[in-house]
Amino acid sequence: MRSVEITKGLNRQQLQAVTAESGPILVLAGPGSGKTRVLTHRIAYLIGMYGVRSYHILAVTFTNKAAREMENRVQDLLGEQAQGLTLGTFHAICARILRREAEHLPFDSNFVIFDSDDQLSLVRHALDDLNLDEKRNRPQAIHAAISNAKNELLLPDDFPVQTYRDEVTRRVYSRYQQLLLANNALDFDDLLLWTALLLEDQPSAREKYARRYQQVLVDEFQDTNMAQYSLLKHLASFHSNIFVVGDTDQSIYRWRGADYRNITRFEEDFPTTQVVLLEQNYRSTQAILDVAMAVIDRNPYRVRKRLFTERGAGQKAVLYEAEDDLHEASFIIDTISTLTRNNGLQPGNFAVMYRTNAQSRVLEEAFLRANLPYKLVGAQRFYGRREIKDIIAFLRLTHNPSDEISLIRAINLPPRGIGDKTILQLRTQAGKAGLSPGEMLLDLGRGEDSRYRVAFSGRVLSLLAHFGRLLATWHVMKSELSTLLLMDRILGDVGYRDYIDDGTEEGNDRWENVMELRRLASQYQGRALSEFLEDIALVSDQDTLDTNANVPTLLTLHAAKGLEFPIVMIVGLVDGLLPHIRSFDEPEAMQEERRLFYVGITRAKDRLYLVYPQNRSTFGHPEACDPSRFLEDIPAQLLSEVRPKVIRRDSPLKADQAASLNWRTASASQTVQQRFRAGMRVQHPTFGEGIILNSRIQDDDEIVDIFFEDAGLKKLAVALARLNILP
DNA sequence: ATGGACAATGTTTTT
DNA sequence: CATTGTCCAT
């Protein structure tokens, strides 16, 4: 009876994957082919039909959001039987394992996770310790090299040295790792690296987890790196029950060490692998799939998949050439408002995608100007804010006093007279005593009882002892108080509100952000501070996506992976941006750019808009640019093109020039009669007299661009605007 | 020690 | 142009 429910509504290929005999299984899933469905039903099938206990199942996803979604869907299928699944991102699962196994490892179970800023300052510290110049040795570049090495499972001693530069990197890497341990901290890559090493070096640990996780399932397998692949292999080493889902065409994290060839590697390492292809697309219309295929088929060396859909032809994708990025933004706004007003579409149906985060600015400003709400995907937006980082520094320091990065941030906040000199003294004395600065501070907080009082002069001592006392109090309270109360206590003790909320609008915003963090903390009643800190450190951009708000979504193409929207608009499709200029000289990188474009296109269910500017402002000054080379690969008949807008608001065309422009209509099926032509003069009740620049039929309405003498350029829907034609 | 003013310098994508 | 670092006056 269960089996009917679990396999209901699956197509032949999906069924094959879900009900496959246990063992190594590779599911090659095209976009929109229902891979999440296959994964959830597979889990349900294992529990419901095979009698596997949920406790023995491990499922790895790319984002926490995907994990939660999967959990809910399994719950819907199985009810309480689903309790006890291990479901999460690689990073979160590894953190959990490492805390549990800390006694076998060179760090403490209450380690903190360093974010990218922390990692960078740690590289700077390391450079400083080695008397290396930051100017000649870019911390960013060195950190990238260290990160790559870790993802390849290379420890400092294994780091290949061929040039002097490598030699420097190797030394910094080595020092960097020492510093991490001294801070009782791990970086993102460490979470994977240490877990992989643990499973590699300690057979007992390997066996323990391989026995526990009898069934391993992995989503987005094409984006696993060496460390992730290695730890999966160890987990599956006893039973080979590993079910992976992926699509080489959607591999977009090469720069993070991901290697889609892990799919080939998988088939080699597990020779009995059953391969299942999911080719039916349930998401997009044929018109959209055709565009996607045209783009991706240009990539050499790929296994061609025959994607097909039964959703019907659908509307042609629209190609729009804007004059510059500002006009791109107004086209987006105009299109969204027109379609929501006249076509019954919801604002939440729209997603605007771009290659780089910087591109969101112009869009955001346009939305703000038009008074339209929007949401932006990106964790950095919130967690990167100064006030948020401040509070987290206090909490992290309380949780792990050895966290020197947080200590340095928090110790003089708000300014209490502890500057670089004092901190240096503290560090020196701590070093002498064999303590971390935080531990020394805790001791000084004991007042008369502290052994180390004598090491400091009066003023310095009283300043340090005062903060030490605060820290000691918080440190004791953290086990008694909830995260929320602890946070309130800290905020009160240091007078943070008075410091940050200075009466200006910005100050108020900052305090509002602190309150938002407080709201987040309130959801952690009854859970340890470490959980709160860990979740915050590991939030992904997609996790911040609020699916409830009915407003357009702005996001990078990378962040769009795994999502879908009725209408997708991709902007900034110019050479240099997509493909990005930094990929030009590397064929592999260029192919990844193409895949990125493909990922963006295949997010669309019903409609697709491809937009590019003729000019792009770099460093404030506009520069001419070429349409993306990828656009050339899309056959013209797949696109309906909206011609360039050569009219600028500040230099209107003369009537005869405007009349001579040949505009093409964006829509083929015309149900309303076109009443206006370029060059006509019209009268509008509020905007006054103007001249028609362009008119087209779109979505059962006539859309006209009019230049008004007083009000400038307006785009109006004829059905709504009361226009009178003047002679 | 602190805060303001100026210069330099840098732009992919993210857990 | 917008953030980040550095220098200088208080």
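A quick note: this is a predicted structure, and the numbers were derived from the prediction, not measured. Below, chain A is the first sequence line, B the second, and so on; all start at residue 1.
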Item to complete: Find the distance A/His143:NE2 to B/dT14:P and express it as a whole number of Å.
Response: 15 Å
Worksheet item: Under 5.5 Å between ring centres and under 30° between planes: does that hold for A/Trp255 against the base of B/dT13?
Response: yes
Fill in: SB check A/Asp249 A/Arg595 (cutoff 4.0 Å)
no
Worksheet item: Does A/Asn412 make a side-chain N or O approach to OP1 or OP2 of B/dT2 shorter than 4.0 Å?
Response: yes
Worksheet item: Expressed in angstrom and rounded to an integer, what is the separation of A/Gln140 atom CD from C/dT4 atom C1'?
Response: 11 Å
Worksheet, complete the sentence: DNA chain B nearest-nucleotide lookup for A/Leu538 and A/Asp420: closer to the 5′ end is A/Asp420
Discussion item. Given B/dA1, B/dT13, B/dT2, identify the nucleotide with an atom nearest to the side chain of A/Pro415.
Written reply: B/dT2
Worksheet entry | Among B/dG10, B/dT15, C/dT3, the one nearest A/Arg138 by side-chain distance | B/dG10
Discussion item. Between P on B/dT15 and CG on A/Asp190, what's the gap in Å once rounded to a whole number?
Written reply: 17 Å
Worksheet item: If you measure from the Lys or Arg side-chain nitrogens to the Asp or Glu carboxylate oxygens, is any gap between A/Arg256 and A/Asp223 under 4.0 Å?
Response: no
Discussion item. Less than 4.0 angstrom from a charged side-chain N to a carboxylate O is my criterion; do A/Asp247 and A/Lys35 meet it?
Written reply: no
Worksheet item: More than 12 foreign heavy atoms under 6.0 Å from CZ of A/Arg165: is that the case here?
Response: no
Discussion item. With nearest nucleotide decided by heavy atoms, which residue, A/Thr422 or A/His558, maps closer to the 5′ end of DNA chain B?
Written reply: A/Thr422
Item to complete: From the options B/dT13, C/dA2, B/dA1, select the nucleotide whose nearest atom is closest to the side chain of A/Arg361.
Response: C/dA2
Practice prompt. Would you kindly give the CG-to-C1' distance between A/Asn148 and B/dT13, to the nearest whole Å?
Written response: 14 Å
